[in-house]
Asker: 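I'd like to ask some things about the structure below.
Order of the sequence lines fixes the chain letters, A, B, ..., with proteins taken first and strands second; residue numbering starts at 1 for each chain.
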Protein chains: 2
Amino acid sequence: MNNVGIRKVAELAGVSTATVSRALAGKPSVSASTRARVEEAAKELGYVVSATASGLASGRTRSVGVMMPFLNRWFFTSVMSGAHRVLNDAGYDLTIYHCEPNRLDDTQGVHNPRRERLFQESLLRHRVDALLLVTLSLTTTERDRLHALGKPVVAIDRPQPDIPTFAVDNLAVAKTAVTHLLELGHRDIAYAGGVLPYDLDFQVPVLRRAGYDTALAEAGLPVRSTRVAEGDFTSQGGYSAAMKLLADPHHRPTAIFAASDEMAYGVLMAARELDLRVPEDLSVIGVDGHPMGDLLGLTTIDQHPAEQGAIGARALLVELEPDEQHPPAATRLPFELITRRSTAAPRTA
Amino acid sequence: MNNVGIRKVAELAGVSTATVSRALAGKPSVSASTRARVEEAAKELGYVVSATASGLASGRTRSVGVMMPFLNRWFFTSVMSGAHRVLNDAGYDLTIYHCEPNRLDDTQGVHNPRRERLFQESLLRHRVDALLLVTLSLTTTERDRLHALGKPVVAIDRPQPDIPTFAVDNLAVAKTAVTHLLELGHRDIAYAGGVLPYDLDFQVPVLRRAGYDTALAEAGLPVRSTRVAEGDFTSQGGYSAAMKLLADPHHRPTAIFAASDEMAYGVLMAARELDLRVPEDLSVIGVDGHPMGDLLGLTTIDQHPAEQGAIGARALLVELEPDEQHPPAATRLPFELITRRSTAAPRTA
DNA sequence: GCTACCTTTGTAAACGCTTGCAGTCTAGCC
DNA sequence: GGCTAGACTGCAAGCGTTTACAAAGGTAGC
């Protein structure tokens with residue numbers, strides 16, 4: 001394949017392979033002149049360290065695994081994208097592990113062969129130095145296996161016991177959204193909550209729901225069950241939730257807080273279908289920062305998913321490269337209210 | 001880390017490491033009883049072959065690289081997702097390479113350090129056994145470097161010289177879309193074409209445009225420049241293209257063929273903003289099979305992106321494992337007209 | 001001028017598998 | 001019964017780096 005090995009470089013540079021290795025790895029104990037000579041030789045021969053050989057000898061692969069429940073949904077891939085940028089710039093490759101969701105309608109200990117193989121085989125191959133979990137719920141067994149790997153692990157968006165997690169303060173996010181609506185004068189605000197069909201512990205939706213409840217309570221407003229509906233985290237889910245919330249033409253909420261932007265799109269569809277104008281008849285606010293929100297004029301809480309991935313990645317780098325100087329890690333993730341056309345004061349206010 | 005090596009398994013099973021290796025690799029020259037004993041020993045010890053060691057010794061990493069210009073756009077990640085399923089089931093991991101687009105507004109030979117590093121370093125590390133290129137335009141130099149790797153390479157969606165490519169027949173896709181509109185009775189059909197801001201050779205949009213032209217020509221209709229507009233492949237792009245196409249209130253097309261579903265969403269927005277009802281005042285058809293199309297009632301040509309990824313992956317597997325029995329590879333990719341609410345006969349028909 | 005120490009480099013032993021080659025054993029054949 | 005082919009298995013040499021340790025060459029202090 002690549003017939004240029006470290007030996008040829010060593011020969012050309014007139015040093016030993018050990019020195020080549022040290023020079024190319026940026027080790028300090030190499031004189032400037034030697035390092036220069038080695039680098040030039042390497043460039044001339046087009047030499048690049050073999051990942052497998054280096055990995056075997058050093059025990060480090062310079063590769064990080066990203067585990068996610070969905071490989072083609074915007075939020076998850078945005079996180080991945082942000083992580084990729086950071087890790088790649090630090091010289092790491094990304095390997096993706098698809099951790100298939102355990103569906104709610106399955107029994108807890110359901111036998112999912114792919115997922116099982118992931119934890120019992122793939123991860124044990126030690127192809128990666130560290131793992132980034134994106135919005136994942138793990139069983140105790142799975143968490144144990146992860147810890148047994150003895151590698152840095154960081155979770156994004158969904159806290160896991162014993163795993164450092166980076167997530168926005170979902171309660172605060174929800175409160176911000178609802179408060180925005182309250183400040184516009186809304187008093188009858190509904191919540192289109194997200195249910196992950198695969199989620200075993202509901203963190204995100206529960207917290208957002210709690211934020212909704214809290215904000216209403218603080219405003220002295222009641223939380224009514226007819227003002228809460230659920231759907232999965234897609235526009236379809238948002239649509240069906242909205243259809244429920246808006247079912248009674250004589251008693252409709254004046255605003256809907258949707259647990260994600262894609263759900264909010266569904267709410268917009270529903271409103272349109274019911275001939276409700278947004279924001280005149282109904283205000284809508286979402287969460288995420290999905291790119292189509294701009295065009296649709298959707299007010300949202302942007303939680304900067306790519307930035308979340310980047311932050312998680314930096315946290316891993318801190319552990320992977322303790323010598324390096326790292327900027328202090330942000331622990332509380334930023335979010336931001338973006339006001340667009342879909343929210344306004346209620347007509348009857 | 002993982003202190004169970006092949007030697008312990010060999011001891012426990014009472015055989016040599018060579019036999020363990022062969023048994024676990026599924027080589028034929030191992031007796032059934034020995035194989036069983038080895039497998040049991042491995043399971044008991046929780047032994048899994050080390051990826052690096054195996055890779056170094058055998059020269060094969062059991063990992064495939066996926067190169068894409070965008071890491072968080074639906075089409076690309078759907079392809080990746082389909083490929084992942086197939087490859088993972090075959091025992092391969094996926095490593096992602098972000099090949100940053102060379103933007104159109106750059107000079108051709110633009111110096112993009114990340115992209116350069118990808119071709120001059122990352123790929124040379126031989127971390128993967130094969131490569132899947134998703135909608136990528138490469139320079140000659142880059143293609144040469146790829147070939148120099150001596151590894152199986154397959155491209156999806158955008159033909160590259162000397163690289164086996166799997167793509168839908170974009171001309172036929174466009175013709176199907178336009179023909180659908182013609183059959184509904186439309187005679188004034190516009191094209192909201194996609195421009196990839198990064199694309200250097202325009203394959204997809206050009207072919208779709210050609211299909212549009214052909215279908216019109218076959219129907220004896222003229223192609224007018226005022227009926228063609230371009231935007232990037234996003235809903236924003238579709239929106240601005242549609243705003244141009246629909247600018248003259250007295251002379252509007254009765255239908256718009258958008259080069260992607262996301263663009264079609266933008267067209268729908270534009271129509272709505274102009275108080276045009278869909279499909280009464282304007283029919284809209286897209287291409288892709290994006291999941292939100294269902295809710296939006298968008299007629300589209302589904303090109304099954306995940307299936308494209310799967311097909312590309314299978315093609316790689318054929319080359320990676322010549323011994324195995326493989327089903328014959330599909331070469332022409334399937335697509336499918338999905339009729340929904342956004343298209344109907346024109347009112348004036 | 002001698003010692004002690006630091007910097008830089010080389011030597012060679014891993015790292016944990018895979019695989020060509022050779023050897024053993026069994027069974028079939030004449 | 002001797003011979004051969006074939007089926008298994010083991011031996012040991014890599015695979016291409018990294019890195020602990022040793023060695024060499026300076027430098028500075030006294």
Side-chain angles (χ1 to χ4, degrees), chain A residues 1-39 41-42 45-63 91 121 124-127 129 150 321 323, chain B residues 1-39 41-42 45-63 91 121 124-127 129 150 321 323:
Chain A
M1 212 77 85
N2 195 16
N3 51 4
V4 179
I6 199 175
R7 322 193 51 132
K8 296 215 176 169
V9 180
E11 269 173 41
L12 182 58
V15 295
S16 70
T17 62
T19 299
V20 173
S21 174
R22 284 187 284 247
L24 262 29
K27 295 272 165 71
S29 61
V30 180
S31 74
S33 67
T34 307
R35 188 185 304 277
R37 213 150 16 98
V38 169
E39 278 167 357
L45 297 174
Y47 169 77
V48 170
V49 188
S50 149
T52 43
S54 170
L56 178 57
S58 71
R60 277 167 290 105
T61 63
R62 301 201 72 82
S63 172
E121 282 191 41
L124 298 181
R125 292 231 169 109
H126 294 286
R127 196 191 283 295
D129 294 339
E321 292 168 3
D323 338 320
Chain B
M1 215 76 84
N2 194 16
N3 52 4
V4 180
I6 199 174
R7 321 194 52 130
K8 297 215 176 168
V9 180
E11 270 172 41
L12 183 57
V15 295
S16 70
T17 61
T19 300
V20 173
S21 174
R22 284 186 285 245
L24 263 29
K27 295 273 164 75
S29 62
V30 179
S31 75
S33 67
T34 306
R35 187 186 304 275
R37 217 153 8 102
V38 169
E39 277 166 359
L45 297 173
Y47 169 77
V48 170
V49 188
S50 149
T52 42
S54 169
L56 178 56
S58 71
R60 276 166 292 105
T61 63
R62 300 202 71 82
S63 171
E121 279 192 45
L124 298 182
R125 291 225 172 112
H126 295 285
R127 195 191 283 292
D129 294 338
E321 294 169 1
D323 339 321

Asker: What's the CZ-C1' distance between R127(A) and dC15(C), to the nearest Å?
Answerer: 17 Å
Asker: Report each atom pair, protein N/O against N/O of nucleotides 18-23 of chain C, whose distance is under 3.5 angstrom.
Answerer:
residue, atom, partner, partner atom, Å
dT18(C), OP1, S54(B), OG, 3.4
dT18(C), OP2, S21(B), OG, 2.2
dT18(C), O5', S21(B), OG, 3.3
dT19(C), OP1, R60(B), NH2, 3.0
dT19(C), OP2, K27(B), NZ, 2.8
dG20(C), O6, R22(B), NH1, 3.4

Asker: What is the distance, rounded to the nearest whole Å, between atom CZ of R37(B) and atom P of dC8(D)?
Answerer: 13 Å
Asker: Answer with base, sugar-phosphate or nothing: what part of the nucleic acid does T52(B) contact at a heavy-atom distance below 4.0 Å?
Answerer: nothing
Asker: Could you list the residues that satisfy side-chain hydrogen bond (donor to acceptor under 3.5 Å, both in side chains) with T34(A), not counting sequence neighbours?
Answerer: S31(A)
Asker: Could you tell me the separation between the NZ atom of K8(B) and the C1' atom of dC17(C), rounded to a whole number of Å?
Answerer: 16 Å
Asker: Among residues at least two apart in sequence or on other chains, which ones pass side chain to side chain contact (heavy atoms under 4.5 Å, CB included) with S63(A)?
Answerer: T61(A), D93(A), T95(A), V128(A), R127(B)
Asker: Mapping S50(B) and R35(A) onto DNA chain C by nearest heavy atom, which one lands closer to the 5' end?
Answerer: R35(A)
Asker: Output side-chain donor-acceptor pairs under 3.5 Å for residues 5-13 of chain A, partner residues at least two apart or in another chain, one line each.
Answerer:
none

Asker: With sequence neighbours excluded, give me every side chain to side chain donor-acceptor pair (under 3.5 Å) pair touching residues 48-59 of chain A.
Answerer: S50(A)-T52(A)
Asker: Tell me the closest heavy-atom pair linking L56(B) and A53(A), and the distance in Å.
Answerer: CD1-CB, 3.7 Å
Asker: Using whole Å, what does the distance between atom P of nucleotide dC15(D) and atom CG of D129(B) come to?
Answerer: 18 Å
Asker: Mind calculating the distance between CG (L56(A)) and C1' (dG16(C)) to the nearest angstrom?
Answerer: 6 Å
Asker: Of all residues at least two apart in sequence or in a different chain, which pass the side chain to side chain contact (heavy atoms under 4.5 Å, CB included) check with A57(B)?
Answerer: none
Asker: Between protein and nucleic acid, restricted to nucleotides 22-24 of chain D and to nitrogen or oxygen atoms under 3.5 Å apart, what atom pairs and distances do you find?
Answerer:
none

Asker: What does the inter-axis angle of the helix from dG1(C)-dC30(D) to dC30(C)-dG1(D) come out as, five pairs per end, nearest 10 degrees?
Answerer: 40°
Asker: Can you list everything that forms a salt bridge (Lys or Arg N to Asp or Glu O under 4.0 Å) with E121(A)? Sequence neighbours excluded, please.
Answerer: R125(A)
Asker: How would you list, by chain and number, every residue that makes a salt bridge (Lys or Arg N to Asp or Glu O under 4.0 Å) with R37(A), sequence neighbours excluded?
Answerer: none
Asker: Check the distance between dC15(D)'s P and H126(B)'s NE2 and give it to me in whole angstrom.
Answerer: 15 Å
Asker: Nearest whole angstrom, please: distance from the C1' of dG16(C) to the CD of E11(B).
Answerer: 14 Å
Asker: Identify, with sequence neighbours excluded, every residue that meets salt bridge (Lys or Arg N to Asp or Glu O under 4.0 Å) alongside R62(B).
Answerer: E321(B)
Asker: Which side-chain N or O atoms in residues 19-30 of chain A pair as donor and acceptor under 3.5 Å with protein atoms at least two apart or in another chain?
Answerer:
residue, atom, partner, partner atom, Å
T19(A), OG1, S16(A), OG, 3.3

